Every structure is written in C-alpha cells, then in structure tokens.
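I have placed the structure first, in the form of structure tokens, so that the comments after it can refer back to it.
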2 protein chains.
Amino acid sequence: MADHVDLVLEQWRARRPDLDPSPMGVIGRMSRLGALFDAELRRNFGKHDLDRASFDVLATLRRSNAEHSLTPAGLMHSSMVTSGAISQRLDRLEARGLVTRAPSETDRRGVLVTLTPAGLELIDKVLPTHVDTEAQLLAGLSADEQDQLAGLLRTLLESLGDKRD
Amino acid sequence: MADHVDLVLEQWRARRPDLDPSPMGVIGRMSRLGALFDAELRRNFGKHDLDRASFDVLATLRRSNAEHSLTPAGLMHSSMVTSGAISQRLDRLEARGLVTRAPSETDRRGVLVTLTPAGLELIDKVLPTHVDTEAQLLAGLSADEQDQLAGLLRTLLESLGDKRD
DNA sequence: ATAAAGTATCTCAGTGCTAAGAAACTTTCA
DNA sequence: TGAAAGTTTCTTAGCACTGAGATACTTTAT
C-alpha cells in the first residue's frame, strides 16, 4: 500500500539521506487531500451557482445565531482570510441579494451582515448536499477511524493555538 | 479540550439538528490546519526570497533524479495545478536563472526543465529549514501520533485514488 | 499514407486573494 | 479632556491561479 507521498519520501531519502523527511508524510498528505477535497466540494457548489468563498460566508451566517447575522470581523476570523477578501465577498453576495449590510447600532464603525430570505433558502438547500459530499470523501475510513483522525487533528490545532472563538 | 471546529459543530447541531455535521470535524480541521501550515511555511520561504509555488517546483526537481530534471507535465502531476500555472511558474524561475528549459530530445513537443547550479544551491539551502519548520508545526503530536496520523491520511488518499506516479 | 484522436506546452482573460494603506470611529491613559 | 493607540471596514494595485483555447507535434486506426 503506497500513495504518491510514499514515492516522494522515497525520493527524498535517496537524494538527501541526511534529511529526515517524515514530517512531509503528514504535511504533504494533508496538502494533497486538501486539494482533492477542494476540487470535489467545488463541483458540488457549482451545481448551485456558488463558489467556496460564497458558501463559506453563507454557511457561517447560517450557523451563527437565530438572526443569521454577524459582523465582517466575525466572518473574517471564522474564514481565516483578510478583511479585504471579506469586503469583496460581501460585495458579491450583496449584489446577488443573498445578504444585506446594515450599520451597527452599537458601534458606528461597524456593520451587521444578515442573510436575506433568498440567502437562507439557498444555503439551506445546499447544506445537505455539502455534508453528503464530505461524507463521501471520508467514506474510505470507518467511523472509528474518522473519529481518531478528527481527534489527532484537534490535538494539533490546539497545539498551534486554535481557540474556540 | 476544544478547538474552533468544536464550536462550529455545536452551532450546526443547534441550528440544523437534522444534519449530522461530523464530517466537518475532519474536513473543517484539515482545511484550518492547511491554512495555518501554509502561513508558517510561507514565512520561512520569504526569508529566502521564495514563495510556495517556486519552492514546490525547485523541490520537485531536486528530488526527481540525479540530473534534477523533469518535464512540465511531470511537474504538473506532482503539484496538482494546471499546465498554465506550471508554464508561468517556469517563466518566473527561468527569469531568475534557477531553472533552464531545453527542447526534449525524444519528443519535439516536449521540454526538459533542469535545475541550474544556482537553483540547486538555493533549494539545498532552504530544504533543511523547511523540514525543520514542518517538524515544529507537528511538534504538538508525539512521534507515534504523527505516524498514526500519516497512516490515516494515506488510507484516505488511497481510497480517493491517489497513486504513486 | 492519411485522417482522427491524443498529448505537451503555452497564452491570456477573468477571478479572488493578499498586503498596504486610507478613513472613520472608539478606547485608553496621562 | 485630549492625544495616542487601537479597531473596523473598505479600497486598490499586484499577484498567482484557473479555464478555455491555440499551436505543434505524436500516436492510432483505417
């Protein structure tokens, strides 16, 4: 049993036997899986006239609270992209009538982004197909293995300072 | 013990109790780790006047064979980007004198990309710092846990059809 | 031998991101 | 209170990628 990364590791051991390439066994595989996941998830988004960025915003609003609203800063933290990227994502979503921007009532610098009925309808339609696609992508692992994997990834995230907020 | 994704999962269970969000526990964490890894690796590349794309090409050539040469198609398969991206990466690397492009001797459509001495020197200088950075990023897991993680990721890659070539 | 299909590489317009910085507002603290 | 520091959002230039398609060559099939 060997995947592409096993070949890469072998090559490194042959060319640079002085280096221990084993970290690549983890990070290289995660990067490769990330690309494969992304391609498959994008295929599903495309069916619904969405892209990863728009889905990300709509889904974050959908789960955030009963009003489906959040500030751009909140969206930014959740998405791990810059404030400029969020501004542009919101421009696109607003133009499509999927979210609204309203001035914050407590901070005059602030903005409150809210899902419109059309935005809510769209994300609620796409969500089940999205979770389903993800489940398919993980189907090569048993439920136990998936839990194990999630646990290791959580440990790693915590060690890197990933917090609940 | 809880990371950001645990919060996300809780939110989904509250807003959409009809969906089983557990696949997100794996895929969401991988995506988040990918972003964190990327940022840290980029920081290291930056110290050596490199970016991820250039490092990727130079490293692939470095490990491929004793001549440090490969076709654009070979680089493309290894990198999981389109042919257009490879062309542009090679343009940049060629302009910096780190690789050369020569016509293939067996196929007149083909091109052979080779590391120049300057390219070899640069990648050999950066490589140890790169592996070191990766090792640091994984330091939150024991050696055993890292092996376990690599194994689960390999199983997943194989289930998705990732091959040795 | 020739046509059709396939492969290798490149070009380029469009896209979404980052980084830097501007503008408006709020908080801190001397 | 007033100045400085911090926060929130937006703007924009520059960058690397994708997707579509062009070009040139090779392989396959008739």
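These values consider heavy atoms only, across backbone and side chains, with no hydrogens, waters or symmetry-generated copies. Chain letters run A, B, ... following the sequence lines, proteins first, then strands; residues in each count from 1. Source: prediction; values computed, not measured.
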note = Heavy-atom nearest nucleotide on DNA chain D taken for B:V81 and for A:M76; more 5' hit belongs to A:M76
ask   = Going by the angle between their ring planes, with limits at 30° and 60°, are A:F45 and A:H130 parallel, tilted or perpendicular?
value = parallel
ask   = Phosphate oxygens OP1/OP2 of D:dC17: is one of them under 4.0 Å from a side-chain N or O of B:R92?
value = yes
inquiry  = Would you compute the distance between atom CD of B:E94 and atom OG1 of B:T100 and round it to the nearest 0.5 angstrom?
reply    = 7.5 Å
key: Value in whole Å for how far the P atom of C:dA19 lies from CG of B:D38   = 11 Å
message = Does A:Q88 contact C:dT18 through a side-chain donor or acceptor facing the base, at a distance under 3.5 Å?
response = yes
Atom pair distance, as rounded to whole Å: CZ in B:R108 and P in D:dT23 = 18 Å
key: Gap between atoms CG and P, on B:L112 and D:dC25 respectively (whole Å)   = 18 Å
request  = Give the rounded distance in Å between these two atoms: CD1 of B:I86 and P of D:dG19.
outcome  = 15 Å
ask   = Do any side-chain nitrogens or oxygens of B:R89 fall under 4.0 Å of OP1 or OP2 in D:dC17?
value = yes
query = Which one, C:dC17, D:dC10, C:dA8, comes nearest to the side chain of B:D107?
reply = C:dA8
task = Starting at CG of A:L70, measure out to CG of A:L75 and round the result to the nearest 0.5 Å.
result = 4.5 Å
request  = May I ask you to say what B:S104 touches in the nucleic acid, namely base, sugar-phosphate or nothing, with a heavy-atom cut-off under 4.0 Å?
outcome  = nothing
request  = Select base, sugar-phosphate, or nothing to describe what A:A85 touches, counting heavy atoms under 4.0 Å on all strands.
outcome  = base
query = Distance from A:L36 atom CG to A:L41 atom CG, nearest 0.5 Å?
reply = 10.5 Å
query = Under 4.0 Å between a side-chain N/O of A:R42 and OP1 or OP2 of D:dG19, yes or no?
reply = yes
Distance in angstrom units between B:L50 CG and D:dA16 P, rounded = 12 Å
key: Base of D:dC17 paired with side chain of B:T82 (donor-acceptor, under 3.5 Å)   = no
query = Please give, in whole Å, the distance from D:dT18 C1' to A:R52 CZ?
reply = 16 Å
ask   = Using a cut-off of 4.0 Å on non-hydrogen atoms, how would the nucleic acid contact of B:G84 be classed: base, sugar-phosphate, or nothing?
value = base
key: Side chain of A:D91 - closest among C:dC25, D:dT9, D:dT11   = D:dT11
request  = Using atom CZ of A:F55 as one end and atom P of C:dG16 as the other, report the distance to the nearest whole Å.
outcome  = 17 Å
key: base_contact_polar (D:dT7 base, A:R109 side chain, donor-acceptor, <3.5 Å)   = yes
ask   = When the distance from CG of A:D51 to C1' of D:dC17 is rounded to whole Å, what number comes out?
value = 14 Å
key: Side chain proximity check, B:V5 to A:R154, heavy atoms < 4.5 angstrom   = no
task = Please work out if B:R101 contacts a base, only the sugar-phosphate, or nothing of the nucleic acid, heavy-atom cut-off 4.0 Å.
result = sugar-phosphate
